[in-house]
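Below, chain A is the first sequence line, B the second, and so on; all start at residue 1. Just so you know, these numbers come straight off a predicted model, no measurement behind them. Side chains included, hydrogens not; waters and symmetry mates left out as well; all remaining heavy atoms used.
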Amino acid sequence: MRKRTVFVFNAFIRALALAGFGEDAVCVYREMNESGVGSDRFTYTYVLKACVCLSSRSWGLSLCVRKGKEVHGHVLRHGFESNVHVGTTLLDFYARYGCVWYAGNVFDTMPVRNVVSWSAMIACLVKNGRSFEALKLFWEMEDVSLNLGCNSVTMVSVIQACAALAALGQGKLIHCYVLRKGLNSILPVTNSLISMYSRCGSIEIARCIFDQMDNRDVVSWNAIISGYGIHGNAEEAIMLFEEMIRRGFSPNKITFVSVLGACSHAGLIHKGRKLFDSMAHVHNIFPSEEHYACIVDMLGRAGRLDEAVKVVDGMRIEPGPPVWGSLLGACRIHCNVELAERASLRLFEIEPMNAGNYVLLADIYAEARMWEEVNKVKKLLESSSLQKIPGCSWIEVKRKIYSFMSIDEVNPQTEQLHSLLVQLLVEMKERGYVPETKFDLCELDQVEKENIVLGHSEKLAVAFGLINSSNGETIRITKNLRLCEDCHSVTKVISKFANREILVRDVNRVHYFRDGVCSCGDYW
DNA sequence: TTAGGGTTAG
């Protein structure tokens with residue numbers, strides 16, 4: 001073209017960004033700047049979208065963020081920061097790269113905010129694991145004086161926040177709100193409600209909503225199938241999968257992740273393998289890394305480590321962090337040092353920033369009583385300046401959410417909780433409970449070890465629940481990591497002799513403790 | 001003739 005106007009450049013950058021060619025879009029933007037045609041408010045929304053789809057693999061995350069910050073600078077220089085579309089796109093750019101502080105800063109300084117900018121900020125908080133703040137912001141938004149009016153998009157994020165916190169009370173409140181606003185028949189809203197109820201431990205309500213839907217899409221089926229999966233009911237998940245096919249729905253990648261995950265949680269290996277094989281042959285979906293990770297997890301969990309390794313070695317695509325991570329997790333369950341070393345060596349190479357991998361390997365060495373190796377891994381972790389994610393648990397009592405960390409001086413009741421736990425410990429030991437202290441605590445004596453495990457955040461939350469809720473009420477707890485073995489057995493015992501139903505949603509699934517047994521059948 | 005936020009998984 002001889003005459004390239006701002007409009008022409010905009011259209012080209014937009015097209016490239018939409019098609020996922022972030023780098024090319026950024027190049028065209030540079031060309032645009034050099035050509036001297038100028039820019040307008042549309043230019044910045046497109047370039048920022050392009051920065052979101054830059055290939056972080058070849059660029060590196062920090063370079064992607066730097067590129068966006070550069071564009072942010074241009075926005076300020078040209079005075080477009082007061083435009084609500086540009087501001088919201090900027091906010092969303094930071095959100096997608098996990099820069100919550102920058103996103104919040106953009107939000108706070110926007111001269112005009114509308115439903116979309118509020119929704120974007122709420123979504124940003126949810127996506128970055130700050131659901132508690134997301135809910136707070138939502139109630140702030142709902143302040144009548146602001147008179148903004150949320151819509152279905154806002155509500156989807158808010159429902160996700162409740163799901164992430166496993167805050168059933170809040171979730172029900174939000175559900176009522178959705179009904180009052182007449183947003184309940186909008187498919188994405190209903191689908192996220194199904195997921196929310198199952199992740200909050202109430203698969204029954206999730207099923208009820210699913211059964212009452214007039215029209216469903218593949219996402220609705222995926223949501224309910226994965227719901228049964230995290231509740232350990234693989235039979236129901238498989239039945240729904242089969243019904244879905246009978247009714248003419250085409251499963252997608254996520255359907256298979258869900259149903260294979262269900263098989264893995266329940267140890268249904270034969271069925272899982274058959275489903276995996278049917279993917280390509282019957283449904284024309286070629287297994288991606290996530291699906292391989294499910295199969296490796298399924299075999300590994302069941303102790304069939306040799307078969308799991310065969311699957312990894314025979315993969316048609318290069319195995320990455322999910323696959324090696326599943327294998328390492330299986331090594332921890334079955335204490336296989338040799339294989340753990342192979343898997344973690346690869347993981348340290350391709351995923352050096354994940355502290356969890358180091359922790360897993362240290363746990364495996366500790367169980368094998370290889371203290372020297374434990375120390376080596378710990379030193380490696382320290383020198384890399386990575387930090388373990390601290391264990392954290394939440395509990396919702398009377399629609400208020402309380403959180404606990406292992407060493408928690410913030411909560412005034414901590415001392416009371418700890419003494420209750422000590423008292424419970426004595427009673428439990430009389431009933432034959434032995435604290436599980438085999439992992440990663442090599443330099444301490446038995447009493448110190450027991451004290452540390454006793455201070456785990458989920459136990460504090462259970463104790464808080466016992467003190468602050470009435471008999472007959474289910475205690476509902478969420479944990480940011482996987483539930484530890486000791487907490488699992490303690491909660492079983494407590495559910496029996498305190499005669500209470502206790503529900504713990506950990507990062508992977510739901511544990512429902514009743515009368516001394518857990519719904520996961522100790523297989524998780 | 002161009003614009004911003006959202007559904008299901010591990």
J.: Checking contacts here: which listed nucleotide (B/dT7, B/dG5, B/dT2) is nearest the side-chain heavy atoms of A/Val219?
T.: B/dT7
J.: Would you mind reading off the distance between A/Phe210 atom CZ and B/dT7 atom P, rounded to a whole angstrom?
T.: 19 Å
J.: Please step through ring-ring contact (aromatic ring centres under 6.0 Å, His included) for the pair A/Trp221 and A/Phe241, ending with a clear verdict.
T.: CA-CA 8 Å; A/Trp221 288 94; A/Phe241 173 78; 9.7 Å; no
J.: What integer distance in Å separates A/Leu48:CG from B/dG5:P?
T.: 11 Å
J.: For B/dT8, does either OP1 or OP2 sit under 4.0 Å from a side-chain N or O belonging to A/Lys253?
T.: no
J.: Can you tell me which nucleotide in B/dG4, B/dT7, B/dT2 comes closest to the side chain of A/Val116?
T.: B/dG4
J.: For A/Ser264, report the nucleic acid contact type (base, sugar-phosphate, nothing); a contact means any heavy atom under 4.0 Å.
T.: nothing
J.: Looking for any heavy atom pair under 4.0 Å, which part of the strands does A/Lys49 touch: base, sugar-phosphate only, or nothing?
T.: sugar-phosphate
J.: Checking all strands, does A/Tyr46 fall into the base, sugar-phosphate, or nothing category for heavy-atom contacts under 4.0 angstrom?
T.: base
J.: Calculate the interatomic distance between A/Ile194 atom CD1 and B/dG6 atom P; express it in whole Å.
T.: 20 Å
J.: Tell me what A/Arg216 touches on the nucleic acid: a base, only sugar-phosphate, or nothing, going by heavy atoms under 4.0 Å.
T.: nothing
J.: Can you check whether A/Glu133 reaches A/Val100 side chain to side chain, under 4.5 Å on heavy atoms?
T.: no
J.: Tell me, with the steps shown, if A/His283 and A/Phe256 meet ring-ring contact (aromatic ring centres under 6.0 Å, His included).
T.: CA-CA 10 Å; A/His283 303 284; A/Phe256 279 100; 5.4 Å; yes
J.: Name every residue in residues 312-329 of chain A that has at least one heavy atom under 4.0 Å from any atom of DNA chain B, in order of residue number, or write none if there are no such residues.
T.: none
J.: Where the side chain of A/Asn252 is concerned, which of B/dT8, B/dG6, B/dA9 is the nearest nucleotide?
T.: B/dT8
J.: Measure from CG on A/Asn354 to P on B/dG10 and round the result to the nearest Å.
T.: 17 Å
J.: Rounded off to whole Å, could you give me the CE-to-P distance for the A/Met196 and B/dA9 pair?
T.: 13 Å
J.: Out of B/dT2, B/dG10, B/dT8, which nucleotide sits closest to the side chain of A/Ile254?
T.: B/dT8
J.: Expressed as a whole number of angstroms, how long is the span from A/Asn114:CG to B/dA3:C1'?
T.: 12 Å
J.: Would you indicate whether A/Phe348, at its atom CZ, is surrounded by more than 12 heavy atoms from other residues, nucleotides or ligands within a distance under 6.0 Å?
T.: yes
J.: Roughly how many Å is it from CD1 in A/Ile122 to P in B/dT7, rounded to a whole number?
T.: 13 Å
J.: Please verify the inter-ring angle class for A/His74 with A/His78; under 30° counts as parallel, over 60° as perpendicular, anything in between as tilted.
T.: perpendicular
J.: What I'd like to find out is whether the side chain of A/Arg4 reaches to under 4.5 Å of the side chain of A/Glu31, using heavy atoms alone.
T.: yes
J.: For A/Arg96 and B/dG6, what is the distance between atoms CZ and P respectively, to the nearest whole Å?
T.: 5 Å
J.: Would you please indicate yes or no on a ring centroid separation below 6.0 angstrom for A/Phe138 and A/Trp118?
T.: no
J.: In residues 83-95 of chain A, what residues come within less than 4.0 Å of DNA chain B, judged by heavy atoms?
T.: A/Asn83, A/Val84, A/His85, A/Thr88, A/Thr89, A/Asp92
J.: For A/Tyr197 together with A/His175, are the ring centres under 6.0 Å from each other?
T.: yes
J.: Which part of the nucleic acid, if any, lies within contact of A/Thr154, taking any heavy atom under 4.0 Å across all strands shown: a base, the sugar-phosphate backbone alone, or nothing?
T.: base
J.: Of the candidate nucleotides B/dA3, B/dT8, B/dG10, which contains the atom at the shortest distance from the side chain of A/Arg14?
T.: B/dA3
J.: Between B/dT7, B/dT8, B/dG6, spot the one nearest the side chain of A/Ser226, thanks.
T.: B/dT8
J.: Could you check whether any side-chain N or O of A/Glu396 sits under 3.5 Å from a backbone N or O of A/Leu168, counting only pairs where one atom can act as donor and the other as acceptor?
T.: yes
J.: Give one of base, sugar-phosphate or nothing for A/Val189, where a contact means two heavy atoms less than 4.0 Å apart.
T.: nothing
J.: Hey, could you give me each pair passing ring-ring contact (aromatic ring centres under 6.0 Å, His included) that has a residue in residues 284-326 of chain A? Not counting sequence neighbours.
T.: A/Phe276-A/Tyr292
J.: Can you find a side chain N or O atom of A/Gln160 that sits less than 4.0 Å from OP1 or OP2 on B/dT7?
T.: yes
J.: Could you check whether the side chain of A/Asn151 and the base of B/dG5 have a donor-acceptor pair of N or O atoms closer than 3.5 Å, going by distance alone?
T.: yes
J.: Would you call A/Lys310 and A/Asp306 a salt bridge, using N to O less than 4.0 angstrom?
T.: no
